[in-house]
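Start at 1 with the first residue, then count along the sequence. Computed from heavy atoms alone, side chains included, the values below leave out hydrogens, waters and symmetry copies.
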Amino acid sequence: MMRNKAVSVTAALAVAVLALTACSAGDGTRTGAAAEKESGDSAETTFKLAFNQQPNHPQFVALDAMGDRLKERTGGKYDIEVFPNETLGTQKDTIELVKAGTIEMSMVAGPLMESLNPDFVVFDLPFTFDSQEHQRTTTNDPAIVSELYSSLDDQGLHVLGSFHGGVRNMYTSKGPITKPEDMKGLKIRVIESDTNIEMMKMMGGSPAPMGMGEVYTAIQSGVLDGAENNELTYANVKHAEVAKYYSYTRHLMLPDYLLINPKVTDEMSEEHRKIFLEEIATAIEEEGELWEQEIPKSKALAEQAGTEFNEVDADAFTALIAPLTQKKLTNDTVRDIHAKVRAAAEGLEP
C-alpha cells in the first residue's frame with residue numbers, strides 16, 4: 001500500500017532531478033568507502049548520509065530502511081549508511097561536505113538553504129502549510145519545486161525530496177508561554193537563518209542561532225532559556241529534562257530537505273537511478289506515517305520527564321508574525337510558489 005501511495009512523489013522526484021539525469025552517462029562505478037551493515041555483507045558503494053537527530057527519529061528509520069531496500073534492489077551495488085546525532089558535523093557543516101563530495105547526502109532543515117538561495121524562504125514562512133499532507137504534496141510537486149530544487153546543482157547541491165519536519169512550538173525552562181509578553185527577554189535557540197531570527201524577534205524573544213548538539217547544555221547552564229521545535233525532537237534529544245514547559249505556538253511547519261551531490265546520481269546507471277528515486281519516494285511516505293505514530297509516544301515520554309504542555313493565545317502570535325510572510329515574498333518566483341502552495345490547500349487555481 002505504501003508503494004502505491006508513493007507513486008506521485010516518485011514522479012515529482014523524477015522531474016526534480018531531470019537536470020541530473022540529462023548528463024548522466026555513467027555506469028554506476030562510483031567509488032567510496034563502503035560501510036558494512038549489521039544485516040550482512042557490505043555493498044559495493046555505501047553512501048554516507050548525515051543526520052542530526054537520534055536513530056529512533058522517523059526520518060532516520062525511513063532512510064535506514066531505504067538503504068536496505070536500495071541494496072537489495074540493486075543487487076548489492078548501493079547502500080546508504082545514516083550517521084545520526086551530528087556525528088559528521090552540524091547541518092551547516094554537512095552542507096559543505098556534500099558540496100565538496102566528502103559525503104554524498106545530508107538531511108538539513110529548510111532555513112539553512114536560504115543562505116544558498118534566498119528563494120528557499122518560501123517554505124519557511126509562518127502558516128504556509130495547513131497539514132502534513134499539504135506540506136508533503138506541495139513540496140514534492142514538480143510543477144512547484146523543480147526549478148528551486150535544481151537551482152544549486154552547479155554548486156554541488158541538489159534537493160532530492162522534502163520530508164516532514166514537524167510542527168514547531170516553543171519550550172522553556174522558565175515557565176509556560178501563553179502570550180507574546182511571556183517571551184520578553186527569553187533567549188531562544190533558533191535555526192540559523194535571517195528569517196527565523198526575525199520571526200523570533202517579532203514573537204518577543206531573543207533569538208540565539210546554534211547547532212542542535214549544543215542546545216541541551218546551553219539550556220542546562222542558563223546560556224539559553226529555551227528553544228523551539230517539534231515534540232519528537234524535544235523528547236528524543238532529552239530537552240524535556242532541562243526545559244519542562246512546552247507551549248503550542250504552532251508557528252512553523254518546516255520541511256527538511258534530503259540533499260545530494262549531483263555527481264552521485266550522474267554516475268548511476270539509468271536503471272539504478274530509477275530505483276534510487278523510487279525508494280526516496282517510498283521513504284518520504286513512510287516517514288510521514290511514522291511521524292504521526294510517534295507524536296503521542298513522544299508526548300508521553302516528555303510527560304514522564306515532567307513536561308507540562310499548554311495551549312497559547314494563538315491569535316496574538318498569529319497577528320504578530322503573519323506580516324513576515326508578505327515581507328519575505330520579494331520576487332515573482334517566491335510569490336508564484338507561495339500562491340500555488342496556498343491554492344493547493346484551498347483547492348483553487350493560483
Side-chain angles (χ1 to χ4, degrees), residues 91-92 95 108-132 134-135 137-139 141 143-149 151-152 159 162 164-170 177-210 226-230 247-257 312-346 348-350:
Q91 290 185 330
K92 186 177 180 180
I95 290 174
V108 303
L112 292 177
M113 299 297 289
E114 293 177 34
S115 63
L116 302 168
N117 178 354
D119 289 349
F120 275 93
V121 72
V122 68
F123 294 142
D124 301 336
L125 298 171
F127 317 118
T128 297
F129 305 105
D130 288 8
S131 67
Q132 181 193 133
H134 177 219
Q135 181 190 54
T137 301
T138 53
T139 58
D141 182 344
I144 297 175
V145 302
S146 58
E147 288 189 22
L148 182 65
Y149 286 5
S151 64
L152 301 170
V159 178
S162 168
H164 182 58
V167 180
R168 299 179 81 90
N169 303 284
M170 206 67 57
I177 302 297
T178 60
K179 56 188 182 300
E181 290 79 4
D182 297 332
M183 297 281 296
K184 186 176 181 179
L186 295 183
K187 297 178 182 178
I188 305 295
R189 181 265 179 179
V190 295
I191 299 171
E192 187 172 350
S193 83
D194 291 342
T195 303
N196 275 34
I197 291 170
E198 186 171 354
M199 180 195 66
M200 186 56 59
K201 290 178 179 178
M202 294 172 73
M203 294 178 75
S206 177
M210 67 172 61
E228 49 89 47
N229 221 312
N230 60 75
S247 305
Y248 277 104
T249 49
R250 299 184 180 89
H251 51 277
L252 282 179
M253 189 186 301
L254 297 176
D256 288 330
Y257 298 119
V312 305
D313 183 348
D315 291 341
F317 281 103
T318 300
L320 280 178
I321 61 178
L324 184 63
T325 297
Q326 293 307 314
K327 180 179 179 179
K328 293 292 182 176
L329 297 178
T330 57
N331 61 56
D332 289 342
T333 297
V334 294
R335 283 192 288 268
D336 180 62
I337 292 174
H338 189 265
K340 289 177 179 176
V341 170
R342 293 310 308 155
E346 299 163 6
L348 303 172
E349 291 295 326

**Q** Please round to the nearest 0.5 Å and tell me the distance separating atom CZ of Phe123 and atom CG of Leu252.
**A** 14.0 Å
**Q** Please say which of Asp119, Thr139, Val334 ends up in a side-chain contact (heavy atoms from CB on, under 4.5 Å) with Leu148.
**A** Asp119
**Q** Using modelled atom types only, decide if a donor and an acceptor are shared between the side chain of Arg189 and the backbone of Met210 within a distance under 3.5 Å.
**A**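 Checking the backbone N and O of Met210 against the side chain of Arg189, a donor-acceptor pair under 3.5 Å is found.
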**Q** For the residue pair Ile197 and Pro209, what are the closest heavy atoms and their distance?
**A**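 That closest heavy-atom pairing would be CD1-CG, 3.7 Å.
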**Q** Which heavy atom of Asp130 sits nearest a heavy atom of Ala345, and at what distance?
**A**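 Reported closest heavy-atom pair: OD2-CB, 3.5 Å.
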**Q** Do Phe317 and Met170 come within less than 4.5 Å of each other through their side chains, counting heavy atoms only?
**A** no
**Q** State, yes or no, whether a side-chain contact exists between Phe127 and Thr325 at a heavy-atom distance under 4.5 Å.
**A** no
**Q** Give a yes or no answer on whether the side chain of Asp182 reaches the backbone of Lys179 with a donor-acceptor pair at less than 3.5 Å.
**A** yes
**Q** Find out whether Leu320 and Met203 are in side-chain contact, i.e. whether some heavy atom of one side chain is under 4.5 Å from a heavy atom of the other.
**A**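 Leu320 does not reach Met203 side chain to side chain.
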**Q** Are Leu112 and Tyr257 close enough, and set up right, to give a side chain to side chain contact (heavy atoms under 4.5 Å, CB included), and what steps lead you there?
**A** CA-CA 10 Å; Leu112 292 177; Tyr257 298 119; over 6 Å; no
**Q** Given side chains that start at C-beta, do those of Asp194 and Pro111 come closer than 4.5 Å, heavy atoms only?
**A** no
**Q** Between Gly110 and Asp256, which heavy-atom pair has the shortest distance, and what is it?
**A** N-OD1, 4.3 Å
**Q** Can you name the closest pair of heavy atoms from Thr330 and Arg335 and give their distance?
**A**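 Of all heavy-atom pairs spanning Thr330 and Arg335, the closest is C-NH1, 3.4 Å.
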**Q** Measuring from Asn229:CG to Ile188:CD1, what's the distance to the nearest 0.5 Å?
**A**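 Nearest 0.5 Å value for the CG-CD1 distance: 12.0 Å.
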**Q** Do Asp313 side-chain atoms and Pro180 backbone N/O form a donor-acceptor pair below 3.5 Å?
**A**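 It does not hold such a pair.
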**Q** Measure the OG-NZ distance between Ser193 and Lys92 for me, rounded to the nearest 0.5 Å.
**A**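 Ser193 atom OG to Lys92 atom NZ measures 11.0 Å (nearest 0.5 Å).
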**Q** Between Leu329 and Gln326, is the side chain to side chain contact (heavy atoms under 4.5 Å, CB included) condition met? List the steps.
**A** CA-CA 5 Å; Leu329 297 178; Gln326 293 307 314; 4.2 Å; yes
**Q** Is the closest side-chain heavy-atom distance between Ser162 and Tyr149 below 4.5 Å?
**A** yes
**Q** Are the side chains of Arg342 and His134 in touch, meaning some heavy atoms are under 4.5 Å apart?
**A**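 Answer yes - side chains close enough.
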**Q** Looking only at atom types and distance, does a side-chain atom of Asn169 sit under 3.5 Å from a main-chain N or O of Val167, one as donor and one as acceptor?
**A** yes
**Q** Could you check whether Thr249 and Glu228, counting side-chain N and O atoms only, form a donor-acceptor pair closer than 3.5 Å?
**A** no
**Q** What's the spacing between Lys340 NZ and Ile337 CD1 if we round to 0.5 Å?
**A** 7.5 Å
**Q** Are side-chain N/O atoms of Asp124 and Thr195 paired as donor and acceptor at under 3.5 Å?
**A**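 Looking only at side-chain atoms, Thr195 and Asp124 do not form any donor-acceptor pair under 3.5 Å.
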**Q** Please report the C-alpha distance between Thr128 and Met253 in whole Å, then the side-chain angles of each, then the deciding distance to 0.1 Å, and finally whether the side chain to side chain contact (heavy atoms under 4.5 Å, CB included) criterion is met.
**A** CA-CA 8 Å; Thr128 297; Met253 189 186 301; over 6 Å; no
**Q** For residues Ile177 and Leu186, determine if any side-chain heavy atom of one lies less than 4.5 Å from a side-chain heavy atom of the other.
**A** yes
**Q** Please, which pairs that meet salt bridge (Lys or Arg N to Asp or Glu O under 4.0 Å) have at least one residue in residues 197-209, sequence neighbours excluded?
**A**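 For residues 197-209: Glu198-Lys327, Glu198-Lys328.
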**Q** Taking all non-hydrogen atoms of both residues into account, name the closest pair between Gln91 and Ala109 and its distance.
**A** OE1-N, 3.3 Å
**Q** Within the 4.5 Å heavy-atom criterion, are Leu116 and Ile95 side-chain neighbours or not?
**A** yes
